[in-house]
There are 2 protein chains.
Amino acid sequence: MIQESVKIKDVAQHAGVSSATVSRVLGNKPHVKEDVRDRVLESVKALGYRPSRIAQSLRTQKSKVIGLIVSDIQNSFFTAIVRAVEDVASEQGYGVFLCNTDENPEKEQFYVDLLLDERVAGIVMVPTREQDTPCKEIIHSGTPLVVVDRRVLDVEVDTVLTDNREASSKLVKALIAQGHTSIAAVLPDLRITTGRERHLGMLDALAEANIAMDEDNLYIGPPTAEAGYALTRKLLAKKVLPTALFVGTKYMCLGALKAFHEADIRFPEDITLAAFDKLDMLPYKPNFIYAEQPTYDLGESAVKLLMEKIENPSKTIQFITLSSRLNI
Amino acid sequence: MIQESVKIKDVAQHAGVSSATVSRVLGNKPHVKEDVRDRVLESVKALGYRPSRIAQSLRTQKSKVIGLIVSDIQNSFFTAIVRAVEDVASEQGYGVFLCNTDENPEKEQFYVDLLLDERVAGIVMVPTREQDTPCKEIIHSGTPLVVVDRRVLDVEVDTVLTDNREASSKLVKALIAQGHTSIAAVLPDLRITTGRERHLGMLDALAEANIAMDEDNLYIGPPTAEAGYALTRKLLAKKVLPTALFVGTKYMCLGALKAFHEADIRFPEDITLAAFDKLDMLPYKPNFIYAEQPTYDLGESAVKLLMEKIENPSKTIQFITLSSRLNI
DNA sequence: CTGTTAGCGCGTTCAA
DNA sequence: TTGAACGCGCTAACAG
């Protein structure tokens, strides 16, 4: 039984008023007599009327939907961002249009076009690249935009980041504070901003302590568990092991743990580990030093900033940086 | 520099034709002369024209957006579903409107209303409850609906499920085939359909092998890692341990592993484990028997079914059941 | 306080 | 093959 969609006119007729009055009542506008208002609300309920947000959007030229573009919906890091955006948006009566780019610039472009066609009120986006991003297009269209987690270089845009360099530095400093001087590192390659910054943070800490980084102890590869595993195995094959290991990404760390496990290396007994993320999906609590990333906060800040921009488009560009929390 | 949004009329003027012709060209309708078509396309590109999907929706009374309601966007099970829905939808030019209910019926209701107001083309939904669901409302509105992963009892609706009972039965049968007769079970409580079905599957297998279930070996609680941990500890406190353990959910299994780890119980040496999901986030590959859930397929089937219903609303109700794959 | 009117941007008749 | 005119459902300006 498909019910004929009931429109504002039907409600008006049912309540014996004009559609303008119905609109006023539903929009909580003033200048409506109490009894009329009640009568209208009754009719609304009686007919099961639901205003079409499509028609509203067309008329008012603004929608109550925000676009969210992430690079990997299966990665718990972004999942936390999605969740935060969802929470804040729904609180404000906004819906969320979700797009997953899979780190693929073509899909990213596809979705940007789609969101612009949908005339979303604003966009929160994790860009796939730092250059040639579709950010220009978005800004050019006049749609408010906030970029999260990664920088873009080709255009000035509101951005919310974690301070990877500082977090990385804090981690290595913690190792140094424990007396370690022989520190190895498994890092993501430097094409990715995040990797570069974490590398720099490490160097900051070492420089401050006047410790020279042994190039031999630097292992670099893609930010995957596989690479983390392979690199750590390579490290473990050395005759004399460093006393501490700094691992640059969560997935690499999982790989490193696997290598440790296989080689029956225990930590912190045999080697001290410092890494990102708390790995709380593990059945045991690994005994290591980690920087807890403010993932939810990242999304929350981003979407709140976006909301501000939606309401007040004249705001100037902002750069927000969030710190990680160190757990020892 | 906010660019004034360019509309179909602007394109028409620029190309020296009427807006109707532009519409025809963009809609790939016939009866347009080649040169006119080319001229229009040029103007479209020159002006950077993007048709408003809002206006299109209002005019045609159909949108190219589907709603997706899941109960926990942070759970990898649902994340796989989200991903599948995304993939298929974007392939067909549809956008996805994501809603996270957090297992909260009120949020579920809120989102259902939102999606209906947005006049989405269809909805894929993981319901929070089996009764009093907003499904009735959706169907009543005439919006195509497909329910995933869980049953709803109060209304007939297209549904895509995994066969939990069969998977559970296969797992326990595998244990029996290995010669186990003393089998303990850590199961989610029976309020949840999934839990009930997995319980039944276990009983099926035991009955078929003429093995009586020892009530003492049955541990039941909420489907969380905490509960899995606590229940397994209780189990491990017994004087004589069973030779095998069947765990009913992924998170409970993580808890069980933690308890094992702490008690220094090794598997399969000390006890054989059979559980759901492959736990591939672990740094080591646990040596256990598991049923791999077809999570992606679940989402894929659901959204494909939804697409069919959108195109052909007269289709009859379907019940699709997917099997898990057993890994030993 | 309320109703009438005029579009929002587009697709789709109907005539030409 | 094309264009003029209408209306999708709603809100906002104006008039009463």
Side-chain angles (χ1 to χ4, degrees), chain A residues 3-41 43-44 47-65 93 116-121 141-143, chain B residues 3-41 43-44 47-65 93 116-121 141-143:
Chain A
Q3 102 168 25
E4 286 308 304
S5 107
V6 20
K7 337 172 206 189
I8 200 171
K9 260 194 165 178
D10 302 325
V11 178
Q13 190 169 2
H14 186 273
V17 295
S18 79
S19 63
T21 301
V22 178
S23 179
R24 274 191 279 262
V25 171
L26 267 47
N28 278 322
K29 306 285 183 203
H31 311 306
V32 186
K33 276 212 307 221
E34 269 305 318
D35 56 325
V36 177
R37 180 180 299 275
D38 293 344
R39 198 144 38 87
V40 168
L41 288 175
S43 298
V44 165
L47 301 183
Y49 170 65
R50 338 216 76 236
S52 159
R53 281 174 73 130
I54 301 202
Q56 286 176 327
S57 294
L58 181 59
R59 175 62 239 237
T60 62
Q61 295 295 73
K62 55 187 75 155
S63 85
K64 295 278 267 179
V65 177
L116 294 184
D117 291 350
E118 288 283 352
R119 302 294 193 267
V120 292
S141 78
T143 307
Chain B
Q3 100 169 25
E4 287 307 306
S5 104
V6 21
K7 338 173 204 188
I8 201 170
K9 259 194 166 179
D10 303 324
V11 177
Q13 192 169 2
H14 186 274
V17 295
S18 80
S19 64
T21 301
V22 178
S23 179
R24 274 191 279 262
V25 170
L26 267 47
N28 278 322
K29 304 286 184 204
H31 310 305
V32 185
K33 277 213 307 221
E34 270 305 320
D35 57 324
V36 177
R37 180 181 301 272
D38 294 344
R39 198 144 39 88
V40 168
L41 289 176
S43 299
V44 165
L47 300 183
Y49 170 65
R50 339 217 74 238
S52 159
R53 284 175 67 131
I54 301 202
Q56 286 176 328
S57 293
L58 182 58
R59 176 61 242 240
T60 62
Q61 294 295 76
K62 55 187 73 159
S63 85
K64 294 279 268 179
V65 177
L116 293 184
D117 291 350
E118 288 284 352
R119 304 292 194 265
V120 294
S141 79
T143 307

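As the structure is a prediction and not an experimental result, all values here were calculated from the model.
Taking each heavy atom of B/Thr143 and B/Val120 in turn, the nearest pair found is CG2-O, 3.8 Å. Here the shortest heavy-atom pairing between A/Ser43 and A/His14 reads OG-ND1, 2.8 Å.
A sub-4.0 Å separation between OP1 or OP2 of D/dT1 and a side-chain N or O of B/Lys33 is absent. Within the 4.0 Å cut-off from OP1 or OP2 of C/dG11, not a single side-chain nitrogen or oxygen of B/Gln61 is found. The side chain of A/Gln56 contributes no N or O atom lying less than 4.0 Å from OP1 or OP2 of D/dC10.
With rounding to whole Å, B/Leu26 atom CG is found 7 Å from C/dG11 atom P. Rounded to whole Å, the distance from NZ on B/Lys9 to P on C/dC10 is 11 Å.
Closest contact between the side chain of A/Ser52 and the listed nucleotides D/dT2, D/dC10, C/dC10 involves D/dC10. Distances were taken from every side-chain heavy atom of A/Val32 (C-beta onward) to each of C/dT2, C/dG9, D/dC10; the shortest belongs to C/dT2. The side chain of A/Thr60 lies closest to D/dT11, out of D/dT2, C/dC10, D/dT11. Taking the side chain of B/Tyr49 as heavy atoms from C-beta on, and the options C/dC10, D/dA12, D/dT11, the nearest nucleotide is C/dC10.
The rotation axes computed at either terminus of the helix from C/dC1-D/dG16 to C/dA16-D/dT1 lie 40° apart, taking five pairs at each end and rounding to 10 degrees.
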N/O to N/O distances under 3.5 Å, protein versus nucleotides 3-6 of chain C:
| unit_1 | atom_1 | unit_2 | atom_2 | d |
| --- | --- | --- | --- | --- |
| C/dG3 | OP2 | A/Ser18 | N | 3.0 |
| C/dG3 | OP2 | A/Ser18 | OG | 3.3 |
| C/dG3 | OP2 | A/Thr21 | OG1 | 2.7 |
| C/dG3 | N7 | A/Arg24 | NH2 | 2.8 |
| C/dG3 | O6 | A/Arg24 | NH1 | 3.3 |

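No engagement by A/Pro30 is indicated, since no non-hydrogen atom pair under 4.0 Å with the nucleic acid exists.
With respect to B/Arg50 and A/Asp117, a salt bridge is recorded, a charged nitrogen being found less than 4.0 Å from a carboxylate O.
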